[in-house]
Amino acid sequence: MSNFVYEPSLEVAITNNNEILESTKNKEVIVKNDVEKEVSDIKPLVRIDNTVTKIKNKVKKETLSKVTNTIKTLYAQPKSNGFQLINLKPEVVFIILNSKVKDVFIIKDKNGIFYLKDNLWIAEYYENEKLVQEKYQVKF
C-alpha cells in the first residue's frame with residue numbers, strides 16, 4: 001500500500017505517557033503503512049472449544065469401547081442364600097450372598113460387595129490391600 005499523508009488543520013499534540021512530544025501545526029506527518037506487515041504477522045484464531053470437544057468425544061468413544069470390551073457376562077445360578085455366578089467356561093467366578101438391601105450382595109470369601117449401578121453389576125473387593133472394581137453383565 002502507499003504511504004498516507006496527513007495534514008492537520010488544527011494544532012495537535014502527540015503524546016506519550018502524557019508528555020507532549022511535538023506540535024504538528026503546519027507540519028506534514030507521514031504515517032508509514034505497516035499495517036500490511038502487522039496483519040500478516042497475525043495468526044488466525046483457533047477454535048479451541050471445538051478442538052477440546054472433539055478430543056473429549058474421541059476419548060469418550062475410545063473409553064466406552066474399552067469398557068464395553070472388558071465387561072464380562074456372568075450367569076446366575078440360584079442357591080439357598082444367594083447365587084453363584086459362572087462364566088462361559090463354566091467356572092464359578094463369585095458366590096454372592098443375599099443382603100437386606102435391594103440389588104446389593106456380599107461376595108463370599110472376599111472382602112467385598114456386588115451391587116447394581118447404571119444397569120451394570122459392580123464387584124468391589126480388596127485384593128492384596130488394594131480395592132478392585134470390576135463391571136459385569138449378569139443374566140439372572
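Model, not experiment: these values are computed from the prediction. In what follows, residues are counted from 1 in the order of the sequence shown.
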Worksheet item: Can you tell which of Tyr115, Tyr136, Phe140 makes a ring-ring contact (aromatic ring centres under 6.0 Å, His included) with Trp121?
Response: Phe140
Discussion item. Applying a strict under-4.5 Å side-chain criterion to I, L, V, M, F, W and Y, I'd like to know whether Leu74 and Leu116 cluster together.
Written reply: yes
Donor-acceptor pairs under 3.5 angstrom involving side-chain atoms of residues 86-104: please list them, not counting sequence neighbours.
{"residue": "Asn87", "atom": "OD1", "partner": "Lys89", "partner atom": "N", "Å": "3.1"}
{"residue": "Asn87", "atom": "OD1", "partner": "Glu91", "partner atom": "N", "Å": "2.9"}
{"residue": "Asn87", "atom": "ND2", "partner": "Glu91", "partner atom": "OE2", "Å": "3.1"}
{"residue": "Asn98", "atom": "ND2", "partner": "Asn81", "partner atom": "O", "Å": "3.4"}
{"residue": "Ser99", "atom": "OG", "partner": "Val101", "partner atom": "N", "Å": "3.3"}
{"residue": "Ser99", "atom": "OG", "partner": "Val101", "partner atom": "O", "Å": "3.3"}
{"residue": "Ser99", "atom": "OG", "partner": "Val104", "partner atom": "O", "Å": "2.5"}

Practice prompt. With sequence neighbours excluded, tell me which residues meet side-chain contact (heavy atoms from CB on, under 4.5 Å) with Lys130.
Written response: none
Item to complete: Check the surroundings of atom NZ in Lys110: do more than 12 heavy atoms from other residues, nucleotides or ligands lie under 6.0 Å from it?
Response: yes
Practice prompt. Apply the test side chain to side chain donor-acceptor pair (under 3.5 Å) to residues Tyr125 and Gln133: give CA-CA distance (whole Å), side-chain angles for both, the deciding distance (0.1 Å), then the verdict.
Written response: CA-CA 7 Å; Tyr125 57 92; Gln133 186 181 63; over 6 Å; no
Practice prompt. Decide whether Phe114 and Tyr126 are clustered together by the hydrophobic rule: side chain heavy atoms of Ile, Leu, Val, Met, Phe, Trp, Tyr closer than 4.5 Å, transitively.
Written response: no
Worksheet item: How long is the gap from CD on Gln84 to NZ on Lys79, to the nearest 0.5 Å?
Response: 5.0 Å
Item to complete: Please report the C-alpha distance between Val132 and Glu134 in whole Å, then the side-chain angles of each, then the deciding distance to 0.1 Å, and finally whether the side-chain contact (heavy atoms from CB on, under 4.5 Å) criterion is met.
Response: CA-CA 7 Å; Val132 176; Glu134 299 170 335; 3.9 Å; yes
Item to complete: Say whether Val138 and Phe105 are linked into one hydrophobic cluster, either directly or through other cluster members, by side-chain heavy-atom distances under 4.5 angstrom.
Response: yes
